[in-house]
Amino acid sequence: MTDDADIADGKVYLVGSGPGDPDLLTVKAKRILEDADVVLHDKLPGPDILGMIPEEKREDVGKRARGERTSQQYTNERMTDLAHEGKTVARLKGGDPFVFGRGGEEMVYLAKHGVPFEVVPGITSAIAGPGVAGIPVTHRNHASSVSFVTGHEDPTKEKSAVDWEALAATGGTIVVLMGVGKLPDYTQALRDAGMDPKTPVALVERGTWTDQQVVTGTLDTIVEARDEAGIEPPAVTVIGDVAAERQNVLAFLENDRMEDQS
Ligand code: SAH
């Protein structure tokens with residue numbers, strides 16, 4: 001299925017970095033980062049993990065790198081070229097490479113261009129962000145399902161890519177990634193869909209980073225809480241009764257490195 005009959009001598013590892021704490025890298029990810037000739041990354045793995053990688057091996061292909069937006073096409077071609085030069089490439093992505101990370105697109109591109117690859121899963125921020133803030137994404141009494149959704153609407157789409165009405169009806173936990181800016185829109189959509197305005201909501205900013213910040217509220221109050229605390233991406237939004245569990249354990253949250261702002 002390759003366009004090019006040549007199979008590259010090099011190899012690309014699609015590596016998940018986990019949410020940012022270097023101790024949450026997998027053993028395999030750590031080994032690959034050490035062994036790779038080149039690490040292609042964006043900013044999402046965070047300063048602690050990026051700081052472990054020697055400067056000379058690092059190439060920032062993040063959206064804001066290289067002066068202007070780096071295109072996905074550039075990243076695809078760079079990975080492919082390096083592999084055809086015989087290099088071992090770590091394509092390092094925040095969290096898990098296949099959770100809103102375009103890892104799926106990159107994998108297919110590599111396959112089509114004759115590049116051997118391997119997927120190295122990572123701990124996704126969608127679970128770990130809430131987790132370190134004392135929020136279990138499922139709970140026997142409160143949530144028997146969890147949905148991971150993007151809060152970043154494609155403006156060219158006429159209809160929302162996410163069916164908020166259907167999500168409200170699940171009764172399970174909703175975890176929104178890339179959802180800081182559009183928080184007012186989807187909290188409104190959920191209330192319009194009949195969800196209780198008092199439903200607990202938490203925002204976990206830079207989960208597991210040394211400057212992690214968490215704010216809590218409800219569907220009604222979380223936008224104000226976001227603005228007061230100045231929450232910025234990267235942050236996950238957790239919507240559902242599980243978000244209230246945090247209050248029950250706050251005094252004992254060893255890994256919650258910041259004082260609660262709520
Ligand atoms: N593949 C990543 C997600 C990429 S989309 C993963 O599995 O975690 C980018 C979004 O991920 C951010 O907008 C934010 O919602 C979330 N995110 C990534 N790292 C985060 C962290 N340490 N804390 C909170 N949210 C994070």
Side-chain angles (χ1 to χ4, degrees), residues 13-26 29 39-52 60-65 69-70 72 75 90-107 119-135 137 146-154 161-162 173-187 201-216 222 225-226 229-239 243 246 253 255-258 260-261:
Y13 292 88
L14 294 169
V15 182
S17 72
D21 178 348
D23 283 354
L24 295 176
L25 272 169
T26 63
V39 180
L40 300 179
H41 67 88
D42 52 41
K43 295 272 185 294
L44 202 57
D48 292 349
I49 288 175
L50 294 177
M52 293 166 52
D60 189 347
V61 292
K63 291 211 184 82
R64 276 165 215 87
R69 276 176 76 93
T70 305
Q72 184 64 49
T75 305
R91 170 67 178 113
L92 183 67
K93 291 171 164 293
D96 182 272
F98 286 171
V99 179
F100 298 122
R102 296 201 170 196
E105 292 165 49
E106 293 180 9
M107 174 180 70
V119 179
V120 183
I123 298 177
T124 179
S125 66
I127 296 174
V132 290
I135 302 169
V137 291
V146 54
S147 307
F148 301 120
V149 299
T150 169
H152 180 80
E153 302 279 52
D154 183 345
V162 177
T173 306
I174 304 168
V175 179
V176 187
L177 282 79
M178 298 173 284
V180 176
K182 294 274 180 8
L183 184 69
D185 303 84
Y186 59 83
T187 48
V201 182
L203 286 167
V204 183
E205 178 192 54
R206 297 189 298 273
T208 83
W209 298 24
T210 47
D211 51 356
Q212 168 180 313
Q213 188 174 204
V214 184
V215 294
T216 52
I222 195 69
R226 174 199 68 178
I231 298 288
E232 286 180 5
V236 290
T237 313
V238 197
I239 302 165
R246 172 176 169 80
L253 271 181
N255 53 7
D256 200 326
R257 304 181 196 187
M258 289 284 291
D260 192 42
Q261 304 285 318

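Atoms within each ligand, like the ligands themselves, are counted from 1 in listed order. Start at 1 with the first residue, then count along the sequence.
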### Summary
On a heavy-atom basis, the closest approach of Val215 and Ile231 is CG2-CG1, 4.0 Å

### Task
With atom 8 (O) of ligand 1 as the reference point, say which of Gly16, Gly94, Ser125 has the nearest heavy atom.
Ser125

### Query
Between CG of Leu203 and CZ of Arg226, what distance do you get to the nearest 0.5 Å?
8.0 Å

### Query
What are the two closest heavy atoms between Pro19 and Leu24, and how far apart are they?
CG-CD1, 3.8 Å

### Task
Return a yes/no value for Val99: is any of its N or O atoms, backbone included, closer than 3.5 angstrom to an N or O of ligand 1?
yes

### Query
Out of Ala235, Gly103, Ala128, whose heavy atom sits nearest atom 25 (N) of ligand 1?
Ala235

### Query
Which bit of Gln212 gets closer than 4.0 Å to ligand 1, counting heavy atoms only: side chain, backbone, both or neither?
neither

### Message
Tell me the closest heavy-atom pair linking Pro97 and Pro121, and the distance in Å.
### Response
CD-CA, 4.1 Å

### Message
I want to know if ligand 1 touches Thr124 in the polar sense, i.e. an N/O pair below 3.5 angstrom.
### Response
yes

### Task
Decide whether an N or O pair under 3.5 Å exists between Gly179 and ligand 1.
no

### Summary
Closest non-hydrogen contact found for Phe100 with Thr150 is CZ-N, 3.5 Å

### Message
Taking Gly179's backbone N and O only, do any of them form a donor-acceptor pair with Tyr186's side chain (distance below 3.5 Å, no angle check)?
### Response
yes

### Query
In the protein, what heavy atom is nearest to atom 10 (C) of ligand 1, and what distance, to one decimal place, separates them?
Met178 CG, 3.8 Å

### Query
Atom CG in Leu14, atom CZ in Arg91: separation rounded to 0.5 Å?
8.0 Å

### Task
Enumerate the atoms of ligand 1 whose separation from the nearest heavy atom of Trp209 is less than 4.0 angstrom.
22 (N)

### Heavy-atom pair of closest approach, residues Ala235 and Glu205
CB-CA, 3.7 Å

### Query
Is the closest heavy-atom distance from Arg206 to ligand 1 below 4.0 Å?
yes

### Task
Give a yes or no answer on whether the side chain of Thr26 reaches the backbone of Ala29 with a donor-acceptor pair at less than 3.5 Å.
yes

### Query
What atoms of ligand 1 come within less than 4.0 Å of a heavy atom belonging to Leu44?
4 (C), 9 (C), 18 (C), 19 (N)

### Query
Has Asp96 got any heavy atom lying under 4.0 angstrom from an atom of ligand 1?
yes

### Message
Working to the nearest 0.5 angstrom, can you tell me the gap between Asp21 CG and Thr210 OG1?
### Response
9.5 Å

### Query
Does the side chain of Glu232 come within less than 4.5 Å of Val180's, by heavy atoms?
no

### Message
Which residue and atom name correspond to the protein heavy atom nearest atom 21 (C) of ligand 1, and how close is it?
### Response
Gly207 N, 3.5 Å

### Subset of ligand 1 atoms that lie under 4.0 Å from at least one heavy atom of Leu177
3 (C), 11 (O), 15 (O), 16 (C)

### Query
Against heavy atoms of Pro19, which atoms of ligand 1 measure under 4.0 Å?
22 (N)

### Summary
for atom 24 (C) of ligand 1, nearest protein heavy atom and its distance come out as Val204 O, 3.4 Å

### Query
How does Phe98 reach ligand 1, if at all, at less than 4.0 Å between non-hydrogen atoms: by side chain, backbone, both, or neither?
neither

## Note on the structure
Ranking Pro234, Ser17, Gly18, Pro121 by closest non-hydrogen atom to atom 12 (C) of ligand 1, top hit is Pro234

### Task
Among all protein heavy atoms, pick out the one at the shortest distance from atom 5 (S) of ligand 1; state its residue, atom name and that distance to 0.1 Å.
Phe100 O, 3.4 Å

